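Positions are given from 1 along the sequence. Computed from a prediction, not measured in an experiment: that's the story for all the values here.
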Amino acid sequence: MTVVALLSVAPVREGSMAEDVARAVEALDDFEVSYETNPMGTVIEAEDVETLLDAVGAAHNAVPGDRVSTFLKIDDKRTSTSSAREKVESVERELGRPAERQRD
C-alpha cells in the first residue's frame, strides 16, 4: 500500500513564513516518509496512513503561534504500490516531456 498526501502547514500571520514552514518540514525527518516541498505545500509519501498521520501531526505541532492553519489531502491507494513519482512519470509519458516549465 502507498499513501500520498499534500500537506500545507503555516501560521496565520503577516510576513514571511519560511522559518515556520521549515520547522514543519524538518519535523517530517523523524518519520519513515518521503517528501518533496514545492511552493504550494509538501507532498508526503508513506507506507500506511497511520505513519502519514503521525508525521502530519508532528509537522503541525512544530509550527509555533497562536493560530496555525493546516491543509491535508490524502490519496490512500489501498490496492496499489505505485509511488508518487510513478504518478508523475505516467503524466510525463503522456506529455512526451517533463511535466514542468519555467517562465522567463
Side-chain angles (χ1 to χ4, degrees):
M1 169 177 27
T2 300
V3 183
V4 178
L6 175 62
L7 173 66
S8 175
V9 180
V12 179
R13 62 175 172 74
E14 295 292 322
S16 175
M17 295 178 265
E19 180 179 347
D20 295 317
V21 171
R23 288 179 190 198
V25 171
E26 190 171 54
L28 299 175
D29 289 338
D30 293 335
F31 298 87
E32 290 295 318
V33 298
S34 300
Y35 63 85
E36 181 178 348
T37 300
N38 62 57
M40 297 299 291
T42 299
V43 176
I44 306 172
E45 187 170 6
E47 289 291 320
D48 55 72
V49 72
E50 292 80 11
T51 301
L52 178 92
L53 292 173
D54 288 345
V56 166
H60 175 83
N61 289 328
V63 176
D66 294 334
R67 187 173 176 192
V68 177
S69 176
T70 297
F71 171 85
L72 178 65
K73 181 178 180 180
I74 298 173
D75 181 2
D76 186 0
K77 299 172 72 173
R78 296 177 177 172
T79 60
S80 174
T81 58
S82 62
S83 69
R85 181 69 216 149
E86 289 172 313
K87 292 173 93 172
V88 174
E89 288 169 352
S90 293
V91 171
E92 290 178 336
R93 273 193 303 278
E94 291 296 320
L95 284 169
R97 61 174 176 81
E100 62 183 74
R101 181 172 119 185
Q102 301 294 320
R103 293 197 180 262
D104 294 330

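Between the CG atom in Asn61 and the OG1 atom in Thr70 there is a gap of 8.5 Å [rounded to 0.5 Å]. Considering CD of Glu45 and OG1 of Thr51, their distance stands at 12.0 Å, rounded to 0.5 Å. Atom CG of Leu72 sits about 11.5 Å away from atom OG1 of Thr42, to the nearest 0.5 Å. To the nearest 0.5 Å, atoms NZ (Lys87) and NZ (Lys77) are separated by 5.0 Å. Atom CG of residue Leu7 and atom CG of residue Leu28 lie 6.5 Å apart, to the nearest 0.5 angstrom.
Between Pro64 and Pro11, the closest heavy-atom pair is O-CB, 4.1 Å. Residue Ala58 comes nearest to Ala27 through the heavy atom pair O-CB, 3.7 Å, listed as atom of the first residue, atom of the second, then distance. Ser83 approaches Thr2 most closely through the heavy-atom pair CA-CG2, 4.4 Å. Taking every heavy atom of both residues into account, Val63 and Ala10 meet most closely at CG1-C, 4.4 Å.
Cluster annotation: Val33 is connected to Val3 through the hydrophobic network of ILVMFWY side chains, with a link wherever side-chain heavy atoms come within less than 4.5 Å. Hydrophobic clustering keeps Phe31 apart from Leu6 (ILVMFWY residues linked when any side-chain heavy atoms are closer than 4.5 Å, directly or through intermediates). Val88 and Ile74 fall into different hydrophobic clusters, where Ile, Leu, Val, Met, Phe, Trp and Tyr side chains are chained together by heavy-atom contacts under 4.5 Å. By the rule that hydrophobic residues join a cluster once side-chain heavy atoms approach within less than 4.5 Å of another member, Val25 and Val9 end up as members of one cluster. Under the 4.5 Å side-chain heavy-atom criterion for Ile, Leu, Val, Met, Phe, Trp and Tyr, Ile44 and Val4 are members of distinct hydrophobic clusters.
In this structure, Glu26 places its CD atom where only 12 or fewer heavy-atom neighbours from other residues, nucleotides or ligands lie under 6.0 Å away. For Asp66, the CG atom counts as loosely surrounded, since its 6.0 Å shell holds 12 or fewer non-hydrogen atoms of other residues, nucleotides or ligands. Applying the 6.0 Å contact sphere to CD of Glu32 captures no more than 12 heavy atoms from other residues, nucleotides or ligands.
Without hydrogens or angle criteria, Glu92 side chain to Ala99 main chain gives a donor-acceptor distance under 3.5 Å.
Looking at heavy atoms from C-beta onward, Asp20 lies in side-chain contact with Arg13 at the 4.5 angstrom threshold.
One finds no salt bridge joining Glu86 and Arg93 here, because no Lys/Arg side-chain nitrogen approaches an Asp/Glu carboxylate oxygen to under 4.0 Å.
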